[in-house]
Amino acid sequence: MSQLERADRILDTAQDLLLRWGYRRVTIDEIAKRAGVGKGTVYLHWRTRDELFLGVGAREAVAMIEAVAAAMRADPAEIALHAYMRRFFLEAMRRPVLRALFTRDTDTLDRFLSSPARRPLQGAKLLASREYLGALAGHGLLREDLRPEDLDYSLPTIAFGFFAIEPLLPKQLALGLEEKADQLADVLRRTYGPARPPSQARLAAAAPEVVEIFERLAREYRAVAYGTTKGGDPEHGS
């Protein structure tokens, strides 16, 4: 078994137990036992329990970002802010650990929601967001009077409000996930989009720059997922 296969087995086990038992009950001993490895092997990849669970979330984030980038490569219209956030919402909500993170599911994640272990990814996310918005602005894909930094507060407030409201929605509000994503996209298009729909040529010109930003972000998440922030390589060991 390769280092990467072993790491995936540990992450698979940790994710399964996290979703079934919740963060508070899951121990490294139990993860190692069910993954068929020694406890010390787990610590070869992740120094702490929180880093391991960060790895679980980061691996799902890699899959989400790669799906976003693939959609952008297939259709440059997907780079527009409203289209990107629509897909982001759908991809995150369809992945159980990311859904728990973004909806602040304390039953599943407990104190991990406030763990300092999550901080290494926060800078990467902010950088990607600012670079992404800068690329959109540079290609005329945002409202003309907006600078990327003008969205630092309002954009996450709107976008993550759609996640945060999930546990509070009344049961009689029978909206499907696609309908919720469509409403998020409509709000963002009306709030931040250019006055005139951009041409396909303008979107195509911006797409390679935007895709590269998200591919780089995926690589940063992957490094965290497999414990390679310590200088190791997921294929060749720590």
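Counting begins at 1 with the first residue of the sequence.
- Side-chain N or O atoms of R49 include one that pairs as donor or acceptor with a backbone N or O of V26 at under 3.5 Å.
- Connection of L90 to L169 is not established within any shared hydrophobic cluster, with ILVMFWY side chains joined at heavy-atom distances below 4.5 Å, either directly or through further cluster members.
- Counting only distance, with no hydrogens or angles, the side chain of D16 and the backbone of T13 share no donor-acceptor pair below 3.5 Å.
- In this structure, E5 does not pair ionically with R9, as no charged nitrogen and carboxylate oxygen lie closer than 4.0 Å.
- The minimum heavy-atom distance between L11 and A225, with the atom names listed, is CD1-O, 3.7 Å.
- Atom CG in L133 sits 5.5 Å away from atom CG in L151 (nearest 0.5 Å).
- Crowding of E144 atom CD: a count of heavy atoms from other residues, nucleotides or ligands under 6.0 Å not exceeding 12.
- Closest approach of R25 to W21, counting heavy atoms only: CD-O, 3.8 Å.
- Ring orientation note: the planes of F214 and Y84 are tilted relative to one another, at an angle of 30° to 60°.
- Within the 4.5 Å cutoff, the side chain of M93 has heavy atoms near those of the F163 side chain.
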Could you walk me through whether E215 and R73 pass salt bridge (charged side-chain N to carboxylate O under 4.0 Å, His left out), step by step? CA-CA 11 Å; E215 288 178 340; R73 284 192 295 270; 2.7 Å; yes
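- What you find for A92 and L98 is that their closest heavy atoms are O-CB, 3.7 Å.
- Residues A58 and Y221 come closest through the heavy atom pair CB-O, 3.6 Å.
- There is a path of hydrophobic side-chain contacts, each under 4.5 Å, that joins F53 to L113.
- With hydrogens and angles ignored, the 3.5 Å screen pairs no side-chain donor or acceptor of E51 with any backbone N or O of W46.
- Under 3.5 Å, the side chains of Y192 and S154 contain a donor-acceptor pair of N or O atoms.
- Smallest separation of non-hydrogen atoms from L101 and F112: CD2-CE2, 4.3 Å.
- The hydrophobic clustering, which links ILVMFWY residues whose side-chain heavy atoms are closer than 4.5 Å, places L173 and L168 together.
- Residue pairs meeting the salt bridge (charged side-chain N to carboxylate O under 4.0 Å, His left out) criterion with at least one partner in residues 155-164, sequence neighbours excluded, are absent.
- G57 approaches V97 most closely through the heavy-atom pair CA-CG1, 3.9 Å.
- Side-chain contact between R6 and T41 is present, with at least one heavy-atom pair separated by less than 4.5 Å.
- Ring orientation note: the planes of F160 and F102 are close to parallel, at an angle under 30° on the 30°/60° scale.
- Residues passing the side-chain contact (heavy atoms from CB on, under 4.5 Å) test with R87, sequence neighbours excluded: V68, A71, E78, E91.
- Looking at E60 and P96, their side chains come closer than 4.5 Å, going by heavy atoms from C-beta outward.
- Of the inter-residue distances, the one linking D8 atom CG with Q15 atom CD reads 10.5 Å to the nearest 0.5 angstrom.
- L175 and V187 fall into different hydrophobic clusters, where Ile, Leu, Val, Met, Phe, Trp and Tyr are joined by side-chain heavy atoms under 4.5 Å apart, directly or via other members.
- Residue pairs meeting the salt bridge (charged side-chain N to carboxylate O under 4.0 Å, His left out) criterion with at least one partner in residues 190-209, sequence neighbours excluded, are D186-R190.
- For the atom pair NE2 of H45 and CG of L4, the computed distance is 9.0 Å after rounding to the nearest 0.5 Å.
- In this structure, CZ in R222 is found 10.0 Å from CD1 in I65, a value given to the nearest 0.5 Å.
- In this structure, a donor-acceptor pair under 3.5 Å is present between the side chains of Y23 and D50.
- The backbone N or O of D105 lies less than 3.5 Å from no partner atom in the side chain of T108, so there is not a single donor-acceptor pair.
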Please walk me through it: do R59 and D12 pass salt bridge (charged side-chain N to carboxylate O under 4.0 Å, His left out)? CA-CA 10 Å; R59 190 176 61 158; D12 288 343; 2.7 Å; yes
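- No donor-acceptor pair under 3.5 Å is formed between the side chain of R130 and the backbone N or O of P148.
- Within the structure, salt bridge (charged side-chain N to carboxylate O under 4.0 Å, His left out) pairs that include any residue of residues 162-174 comprise R99-E166, E166-K180 (at least two apart or interchain).
- With rounding to the nearest 0.5 Å, the separation of CZ in R94 from CG in L177 is 5.5 Å.
- Residues meeting the side chain to side chain donor-acceptor pair (under 3.5 Å) test with R24, sequence neighbours left out: D110.
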Residues R147, L142; criterion side-chain contact (heavy atoms from CB on, under 4.5 Å); working and verdict: CA-CA 9 Å; R147 303 169 301 168; L142 289 179; over 6 Å; no
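- The CG atom of L81 lies 11.5 Å from the CZ atom of F88; values are rounded to the nearest 0.5 Å.
- The shortest side-chain heavy-atom distance between D150 and L155 does not fall under the 4.5 Å cut-off.
- Shown here are the salt bridge (Lys or Arg N to Asp or Glu O under 4.0 Å) partners of D75, two or more places apart in sequence or in another chain: there are none.
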